[in-house]
A.B. asks: 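Below you will find the structure I want to go over with you.
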Protein chains: 2
Amino acid sequence: MIQIPTQTFKALGDPTRQQILGLLADRELTIAQVAGHFDMTRAGVKKHMKILEEGRLITVTPKGRERLNTLNRDGFDMVSDWVGYFDQFWDDKLNALKALVEEDMK
Amino acid sequence: MIQIPTQTFKALGDPTRQQILGLLADRELTIAQVAGHFDMTRAGVKKHMKILEEGRLITVTPKGRERLNTLNRDGFDMVSDWVGYFDQFWDDKLNALKALVEEDMK
DNA sequence: GACATATGATACCTTTTGGTATCATATTGG
DNA sequence: CCAATATGATACCAAAAGGTATCATATGTC
């Protein structure tokens with residue numbers, strides 16, 4: 001069985017975090033900068049960032065007294081791998097079905 | 001911008017629901033049959049099934065007095081499409097970076 | 001060193017989520 | 001028709017998640 005990126009799926013299943021990822025797609029940002037785009041406190045944003053980090057969707061780089069948050073390919077790649085596994089699964093399903101039908105026609 | 005399958009991600013971000021999908025990968029099952037594999041009541045399983053259905057990961061087919069729950073490609077395809085979008089995004093990022101480096105070397 | 005700023009950490013509150021218990025409804029079989 | 005079975009719906013509870021307020025800590029600037 002393949003490794004399922006549960007933390008990544010959980011992180012992606014929230015509109016606010018999706019918007020944050022959209023912001024970070026443009027450029028890396030500090031938490032304060034991200035919070036500037038929302039009607040939310042820094043502390044609130046921080047919690048979302050932690051979840052995104054746990055899902056390996058962002059990385060944090062200390063730079064002086066601030067921390068730059070950047071998109072991380074890892075989480076995306078993990079979902080990509082999972083999708084690849086299921087594509088294979090559906091193909092097999094179809095092949096199995098096809099074989100069954102052919103068997104039935106004998 | 002692409003359509004993000006939020007409901008699907010939310011449905012996938014839970015270990016119990018992942019296990020249910022695993023069971024349904026083998027064969028279609030009723031809620032009672034699914035509940036037989038867990039230390040949980042039917043009502044509890046039912047809630048998970050509803051979320052899986054909202055994420056378009058399963059479909060429900062009435063058959064007499066029972067309802068058969070079957071895997072649905074739609075949710076998986078939606079995630080697949082989303083992944084495809086991001087693959088493109090990363091490619092563009094790399095190209096942009098490459099162009100920037102080349103510009104810098106002039 | 002003192003002060004401003006950027007962030008982290010904690011306690012606390014409210015809402016959502018995961019789960020149970022219970023009752024109502026629909027279908028099958030005698 | 002009646003009993004058994006499969007399910008749906010609702011009310012309710014505990015735990016987790018989303019969010020704020022507040023305080024502590026680290027870094028840059030004068």
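Lettering follows sequence order; numbering is per chain, from 1.
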A.B. asks: Can you check whether A/R42 has a side-chain N or O nearer than 4.0 Å to OP1 or OP2 of D/dG19?
C.D. replies: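 It does not, given that no N or O in the side chain of A/R42 lies less than 4.0 Å from OP1 or OP2 of D/dG19.
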A.B. asks: Bend angle of the helix from C/dG1-D/dC30 to C/dG30-D/dC1 from five-pair axes at both ends, rounded to 10°?
C.D. replies: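 Between the axes fitted at each end of the helix from C/dG1-D/dC30 to C/dG30-D/dC1 lies an angle of 30°.
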A.B. asks: Got a donor-acceptor contact below 3.5 angstrom from the B/Q7 side chain to the B/I51 backbone?
C.D. replies: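 No: the side chain of B/Q7 does not pair with the backbone of B/I51.
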A.B. asks: Hey, can you pull the residues of residues 45-62 of chain B with a non-hydrogen atom under 4.0 angstrom from DNA chain C?
C.D. replies: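 Contacting residues: B/K47, B/H48, B/I51.
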A.B. asks: With sugar-phosphate meaning primed atoms plus P, OP1 and OP2, does A/A43 contact a base, only sugar-phosphate, or nothing at under 4.0 Å between heavy atoms?
C.D. replies: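 Touches a base.
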A.B. asks: Using a 6.0 Å cut-off, check whether atom NZ of B/K93 has over 12 heavy atoms from anything other than its own residue.
C.D. replies: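 It does: B/K93 NZ has more than 12 such atoms within range.
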A.B. asks: Would you call the rings of A/F89 and A/F86 parallel, tilted or perpendicular, taking 30° and 60° as the class edges?
C.D. replies: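 Because their plane-to-plane angle is over 60°, the rings of A/F89 and A/F86 count as perpendicular.
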A.B. asks: What pairs with B/Q33 under side chain to side chain contact (heavy atoms under 4.5 Å, CB included), at least two apart in sequence or on another chain?
C.D. replies: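 B/Q33 satisfies side chain to side chain contact (heavy atoms under 4.5 Å, CB included) with B/L29, B/T30 once adjacent residues are dropped.
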A.B. asks: Within less than 4.0 Å of OP1 or OP2 of D/dT20, is there a side-chain N or O belonging to A/T41?
C.D. replies: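 For D/dT20, OP1/OP2 do have a side-chain N/O of A/T41 under 4.0 Å.
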A.B. asks: In the single-linkage hydrophobic clustering (I, L, V, M, F, W, Y; side-chain heavy atoms under 4.5 Å), do B/F38 and B/M49 co-cluster?
C.D. replies: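 Yes, it is one cluster - the side chains of B/F38 and B/M49 are joined through contacts under 4.5 Å.
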A.B. asks: State which residues pass side chain to side chain contact (heavy atoms under 4.5 Å, CB included) with A/Q88; sequence neighbours excluded, sorted by chain then number.
C.D. replies: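 A/Q88: side chain to side chain contact (heavy atoms under 4.5 Å, CB included) contacts with A/D92.
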A.B. asks: Need to verify one output field. Residue with the more 5' nearest nucleotide on DNA chain D, A/K10 or A/E66?
C.D. replies: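 In this pair, the answer is A/K10.
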A.B. asks: Send over the distance from A/D14 CG to D/dA17 C1', rounded to a whole Å.
C.D. replies: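 The distance from CG of A/D14 to C1' of D/dA17 comes to 10 Å, rounded to the nearest Å.
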A.B. asks: On a heavy-atom basis, which atom in A/M78 and which in A/P5 lie closest, and how many Å separate them?
C.D. replies: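 Closest pair (atom of A/M78, atom of A/P5, distance): CE-CB, 3.8 Å.
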A.B. asks: Sequence neighbours left out, what passes salt bridge (Lys or Arg N to Asp or Glu O under 4.0 Å) with A/R56? Give chain and number order.
C.D. replies: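 With neighbours one apart ignored, the set is A/D74.
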A.B. asks: Expressed in angstrom and rounded to an integer, what is the separation of B/M40 atom CE from D/dA14 atom P?
C.D. replies: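 It is 19 Å, rounded to the nearest whole Å.
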A.B. asks: Base, sugar-phosphate alone, or nothing: which one does A/D39 contact when heavy atoms must sit under 4.0 Å apart?
C.D. replies: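 Counting heavy atoms under 4.0 Å across all strands, the contact made by A/D39 is with sugar-phosphate only.
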A.B. asks: Are the side chain of A/R67 and the backbone of A/V60 linked by a donor-acceptor contact shorter than 3.5 Å?
C.D. replies: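 A pair under 3.5 Å: no.
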A.B. asks: Would you grab the first and last nucleotide of DNA chain C (5' to 3') that comes under 4.0 Å of any non-hydrogen atom in chain A?
C.D. replies: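 Going 5' to 3' along DNA chain C, contacts run C/dA4 to C/dG8.
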A.B. asks: Taking the inter-plane angle between the rings of A/F76 and B/W82 on a 0 to 90° scale, is it parallel (under 30°), tilted (30 to 60°) or perpendicular (over 60°)?
C.D. replies: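 Rings of A/F76 and B/W82: parallel, under 30°.
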A.B. asks: Measuring only between side-chain heavy atoms, which start at C-beta, is B/L21 closer than 4.5 Å to B/I58?
C.D. replies: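 A side-chain contact exists here, since the closest heavy-atom pair is under 4.5 Å.
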